[in-house]
Each structure stands twice: as C-alpha cells, then as structure tokens.
Amino acid sequence: MRKVVVLGATGSIGCQTLEVAARFPDKIRVVGLSAGSNISLVAEQTRQFGVRNVVLKDEKTAEEFRRFGFLDVEVLLGIDGLCRLASLSEADTVVNGLVGSLGLRPSLAALEAGKRLCLANKEALVMGGQLVLAAKKRGKGELVPIDSEHSALFQCLLAGGSRGVRRVFLTASGGPFLNWPKDEMLSAKPSDALKHPTWTMGKKITIDSATLFNKALEVIEAHFLFGLTPEQIEVVVHPQSIVHSLVEFADGSTMAQLGPPDMRIPIQYALSYPERWESPYGTFGPMSFGNLNFLPLDNEKFPSVKMAYRALQMGGTAPAVLAAADECAVGLYLEEKISFGEIFELVGEALEAHQPIESPTVEDIEGTERWARAFITDRVKVSV
Ligand SMILES: NC(=O)c1ccc[n+]([C@@H]2O[C@H](COP(=O)([O-])OP(=O)(O)OC[C@H]3O[C@@H](n4cnc5c(N)ncnc54)[C@H](OP(=O)(O)O)[C@@H]3O)[C@@H](O)[C@H]2O)c1
C-alpha cells in the first residue's frame, strides 16, 4: 500500500493524481493534501479520502477551511507546512504538483526524509538540480518523474539500460503557435496562448508550452534527472504528442515510449513503478492515430530552448534565473502587463545580466529568484 501525500492537490496534476488514487483504494492511501486558494475543493478532497493532514497557504484560507468543520484534521500553513507534509512519517510517497519555485524546499524535504518523490514540479529540479540530487543521496529517497517526456525517458532507459546512451530526443507539441506567423505570435493574447492543442493543464505550464519555455525547462530537467550532457539532449517537434520522447543508443537502436496525451498515465506509473497497473485511459492504437510527424524546432521563432543550453553552459544559479524570470514574466503576461514577445526578451536579458553562483545553497537559489523577479519588474516599470 502506497501512503501518498499530494502537494498541489487542487491543481491539474493534483486532481489527476487523486483520480488515480480513487481507482486503487487497495493500493493507494492518501494521507496528506495541500492547496493554495481553492478551499472548497480541498475540503471535498479531505472528506473523500479521509485525510488528517492538510497544508494551506495562510491563516485566512485556514479559517475558511475550518468552517467546513474538520475537527480531527491537522492544518499547517505555508512553506514550513509544505516541508513538514513532504516529510510526514506516515507517508512513503510524495507527489509534487505544486507550480513554480514554491516546489523546491518541499522536494528537498521529501528526498531528505527518504520518500519516493513523484515529481511534476519541474521548476524545483531546474532551480535546484544539484541540491535535489544531493538530498536524494543523503536521504536515500527515490526520484520518479511525472512529466510525460521524462517518464518516457525513464521507461526507455529502464528498458534499454542507461549505459550506451548516445542522445535523447525530447518531443514538443509546438504549442498553439506552431503554425502562426512569428509577428502575430509576438502580440498574441493570453486567451490564444491558453489554447493548448493537445494537453489540458494549469495556466503557467500552458503559457510555457506556447513560448516553449516548458521545453527549455525540460532540457535542464533531463540533464539533472539522467546525468545527460547538454549535447546529448535534443528537442524535436511532434505535434500529435503521442511519442513522449526517444532514446538513441550507441548501437544505432532507438527506443520510444508512446501513449495518448493523458497525464494520468505517467502519474499512475510514477506511483506503481516498478509495477504496471491496469488503466482505463486509452492506448496508442497504431491504426487509429494516423501519421506521426517530427519536425525541427524553429529556434529563431522560439528562442527559449536555446536559453536552456545557455543556462546550462553558464552553470550554477543560471538555470534558476531562467526558471524564476520565466515564472515572473508569465505572471505579468497573464495580467496583460507585457506582450507575448516580451517574455522572450525579458528572460533572455535576465539570464545574460546574471553572475552565476557556483554550487549554490537553497538560500542562494532563493536570493537568485528574488534577483530575477526584481530585474524583470524593474525592466517592466522602466518601459511603461
Ligand atoms: N498539468 C499538467 O498536465 C502538467 C504536465 C507536466 C508537468 N506539469 C508540472 O506540474 C506542476 C503543476 O502544474 P499544474 O498544471 O498542475 O498547475 P496548477 O493546475 O496551476 O496547480 C498548482 C497547484 O499549486 C497550488 N498553489 C499555487 N500557488 C500556491 C501557493 N502560493 N501556496 C500553496 N499552494 C499553491 C495550487 O493551489 P490552488 O489551485 O488551490 O490555488 C494548485 O494546487 C508544474 O510544475 C508543471 O510544470 C504539469
């Protein structure tokens, strides 16, 4: 029986994790939940799964939650609460479905405490890759990716062996602007950017999929997860989102993992690994999907992926700047304070202006995040 804590239970990944948990009451027991602002939903989830440990954003949301009358539920708050929940003694598994930099400390806490960390929150690994790996080693925790591309690589490497890998291909759908002229894309409105062609996800990752900063973050995620050099990681556009990624081996064989674009499949695998459980979420039928296409990425139209390689080359805190600057710029774009094109400009400027700190501590990463946010907001103030 897996005893699971779900961080970000009210989000897209969190809700899909709970859907998987509800299908396997004999295999999964949910022992902790966290939420931000969606109190009515977390209250419903608390009741449905009989959870006794809940973490909320602040005292105001906790007060709202208490009105639902949960007398036997321990409520903790904020980042300290998230870290305590991630290391809860009665849990053996933590699903991190938090969005953005908020996910770093709880990821470290889970791994230090020896849990299996099922990681959707890629920003944690991008910002604090070295720290995450060190925490995993110290705490003897386990790191299983949920991101569909990395779940695919994880499975291909398990099947083919991690020695003798020549390179990997991360697939990218290309997002909603794949076929838009560049000029129109640069002034696209959030309502257009939020229309993802193949996946239904939270707002931040949906915008990241439109800019391809999501793929940029995933290049860095693959580097840390699998110990690949930047030269071994390539991005290829695959509009159908059926082939989730590929691994090419030294002998010329290439392995791929295929499936419908449904996050419940990699979420379930992260929980069931090394077992495979029955799932009703559909399969890849070779006849029913028609053609599968692969196209080169237009790095001139989407400069984001190149920035990931640049950040890896700069090293230290540079990937943290990329992730934090992007998170800040996406927030400003959703508030319609900057244009779509300015996301690329601002993140690129922040990256080039940064002096990386080698072998950073958590405090260095958090300081870098504040620096990147201040850099972006100052630039935006100057330009208005
Ligand atoms: N969605 C996908 O299909 C998908 C696929 C691959 C990877 N990922 C990665 O998974 C992560 C989560 O993505 P998502 O799409 O599930 O995001 P989402 O739908 O926006 O959910 C984010 C979760 O974090 C919580 N949260 C936000 N701000 C918070 C705060 N200040 N304090 C406490 N909790 C807070 C939200 O709570 P409230 O809603 O209650 O405010 C929600 O539960 C991201 O790193 C993303 O890149 C997602």
[X] to [Y] - nearest heavy-atom pair and separation:
| X | Y | answer |
| --- | --- | --- |
| Ser245 | Leu170 | OG-CA, 3.4 Å |
| Leu217 | Asp326 | CD1-OD2, 4.4 Å |
| Val31 | Val5 | CG2-CG2, 4.0 Å |
| Ala250 | Arg166 | O-NH2, 2.7 Å |
| Leu117 | Ala110 | CD1-CB, 4.2 Å |
| Leu56 | Ala62 | CD1-CA, 3.6 Å |

> Can you tell me if CZ on Arg23 sees more than 12 non-hydrogen neighbours from other groups inside 6.0 Å?
Replying inline: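 Enclosed.
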
> Under 6.0 Å from the CD atom of Glu358, do we count more than 12 heavy atoms belonging to anything else shown?
Replying inline: no

> Who pairs with Phe340 by ring-ring contact (aromatic ring centres under 6.0 Å, His included), at least two apart in sequence or on another chain?
Replying inline: Phe177, Tyr333, Phe344

> Which residue pairs pass the side chain to side chain donor-acceptor pair (under 3.5 Å) test with at least one member in residues 77-95, sequence neighbours excluded?
Replying inline: Arg2-Thr93

Rounded at 0.5 Å granularity, tell me how far [atom1] in [X] sits from [atom2] in [Y].
| X | Y | atom1 | atom2 | answer |
| --- | --- | --- | --- | --- |
| Glu218 | His223 | CD | NE2 | 15.5 Å |
| Asp208 | Glu123 | CG | CD | 7.0 Å |
| Met185 | Asn179 | CE | CG | 12.0 Å |
| Glu366 | Ser101 | CD | OG | 8.0 Å |
| Leu157 | Arg163 | CG | CZ | 13.5 Å |
| Arg66 | Thr61 | CZ | OG1 | 9.0 Å |

Determine yes or no for a side-chain-to-main-chain donor-acceptor pair under 3.5 angstrom, with [X] supplying the side chain and [Y] the backbone.
| X | Y | answer |
| --- | --- | --- |
| Thr317 | Ala320 | no |
| Gln232 | Thr229 | yes |
| Ser304 | Thr211 | yes |

Check whether [X] and [Y] end up in the same hydrophobic cluster, where Ile, Leu, Val, Met, Phe, Trp and Tyr are linked by side-chain heavy atoms less than 4.5 Å apart.
| X | Y | answer |
| --- | --- | --- |
| Leu332 | Leu102 | yes |
| Val75 | Phe68 | yes |
| Val95 | Val99 | no |
| Ile376 | Leu334 | yes |
| Leu41 | Val6 | no |

Check this for me, if you would: do [X] and [Y] make a salt bridge, where the nitrogen-to-carboxylate-oxygen distance has to be below 4.0 angstrom?
| X | Y | value |
| --- | --- | --- |
| Arg105 | Glu363 | yes |
| Glu142 | Lys115 | no |
| Arg167 | Glu231 | no |
| Arg138 | Glu112 | yes |
| Lys182 | Glu300 | yes |
| Glu64 | Arg67 | no |
| Arg373 | Glu369 | yes |

> Does the side chain of Gln240 come under 3.5 Å of the side chain of His238 through a donor N or O and an acceptor N or O?
Replying inline: yes

> So, Ser40 versus Glu44: side-chain donor-acceptor pair below 3.5 Å or not?
Replying inline: no

Less than 4.5 Å apart, any side-chain heavy atom of [X] and any of [Y]?
| X | Y | value |
| --- | --- | --- |
| Val54 | Glu74 | no |
| Phe249 | Val165 | yes |
| Leu85 | Leu76 | no |

>> Taking the six-membered ring for Trp, are Phe213 and Phe302 closer than 6.0 Å centroid to centroid?
In response: no

Only distances under 3.5 Å count here; give the side-chain donor-acceptor pairs of residues 261-270 to other protein atoms, sequence neighbours excluded, each with its distance to 0.1 Å.
residue: Asp262; atom: OD1; partner: Arg264; partner atom: N; Å: 2.9
residue: Asp262; atom: OD1; partner: Arg264; partner atom: NE; Å: 3.0
residue: Asp262; atom: OD2; partner: Arg264; partner atom: NE; Å: 3.3
residue: Asp262; atom: OD2; partner: Arg264; partner atom: NH2; Å: 2.6
residue: Arg264; atom: NH1; partner: Glu19; partner atom: OE2; Å: 2.6
residue: Gln268; atom: NE2; partner: Trp277; partner atom: O; Å: 3.0
residue: Gln268; atom: NE2; partner: Glu278; partner atom: O; Å: 3.2

